[in-house]
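Encoded as structure tokens, the structure appears first; notes follow it.
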Amino acid sequence: MDRADPMILDALKGIVPEQTMQLLQEHLTNPQSIFSSIYRQTASLLTKVFALLYPLVEPLLARLLQALHDSPDIVVLGFALGFFVLVLQVVAWVHRTMMFFTRLAFRLVGWALVFAVLAVVWRRGPEAAVRDVVVFTGKVAGYAAVVKDIWWSEYQKFDAQTKRGGGSGQGVPSGGGYSRSRNSGW
């Protein structure tokens with residue numbers, strides 16, 4: 001294998017259990033093991049492929065590096081574009097994180113409300129809980145009726161003012177304040 005393998009195995013001695021270390025030493029350092037033969041064949045194949053492709057890729061790589069050297073604007077544009085993509089990725093990550101925690105908070109609040117309602121029903125009993133819900137609904141309906149009456153009376157006042165043309169001496173012209181008077185002559 002490689003010269004670095006014994007150093008890696010020495011570094012793993014304090015981390016990995018002893019049985020695992022023996023297994024690793026048997027299979028990694030033994031030249032007859034399947035792992036060693038696969039490693040040798042893969043390394044040999046990659047060396048041959050590199051030796052075969054290097055003469056073909058080297059002129060293209062040299063031209064690319066020369067073009068980048070001759071026009072530094074492309075390099076600057078590439079760095080700016082890369083920085084922009086990086087910023088977008090960070091913003092997307094922050095957005096996903098915020099959405100996750102927001103969703104989590106709303107789910108927790110929803111389940112807390114469900115458990116609170118169940119606790120009230122458990123503590124007060126079903127009959128008292130239903131009576132409390134009916135009383136609460138009646139109070140809310142009464143309040144909504146009062147708000148509706150106030151809103152309807154204010155709407156009627158406004159409607160009457162606009163139909164009369166300004167109403168109770170507030171100095172509002174008949175057009176609602178958005179038109180000029182007929183004899184101002186501007």
Hey, any chance [X] and [Y] share a hydrophobic cluster, counting ILVMFWY side chains that come within less than 4.5 Å of each other, even indirectly?
X: Val94; Y: Phe100; answer: no
X: Phe79; Y: Leu64; answer: yes
X: Ile150; Y: Tyr155; answer: no
X: Val49; Y: Leu56; answer: yes

Under 3.5 Å, is there a donor-acceptor pair between the side chain of [X] and the main chain of [Y]?
X: Ser71; Y: Leu68; result: no
X: Thr42; Y: Tyr39; result: no
X: Thr20; Y: Val16; result: no
X: Ser44; Y: Arg40; result: no

[X] side, atom [atom1]; [Y] side, atom [atom2] - distance, nearest 0.5 Å:
X: Phe158; Y: Gln161; atom1: CZ; atom2: CD; answer: 7.5 Å
X: Leu108; Y: Phe115; atom1: CG; atom2: CZ; answer: 10.5 Å
X: Phe84; Y: Gln89; atom1: CZ; atom2: CD; answer: 11.0 Å
X: Arg103; Y: Arg96; atom1: CZ; atom2: CZ; answer: 11.5 Å
X: Gln156; Y: Trp151; atom1: CD; atom2: CH2; answer: 9.0 Å
X: Leu81; Y: Leu86; atom1: CG; atom2: CG; answer: 11.5 Å

Any Leu46 side-chain heavy atom under 4.5 Å of Phe50 side chain: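 No, their side chains stay 4.5 Å or more apart.
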Is the count of non-hydrogen atoms from other residues, nucleotides or ligands lying under 6.0 Å from Gln19 atom CD greater than 12?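 Result for CD/Gln19: open.
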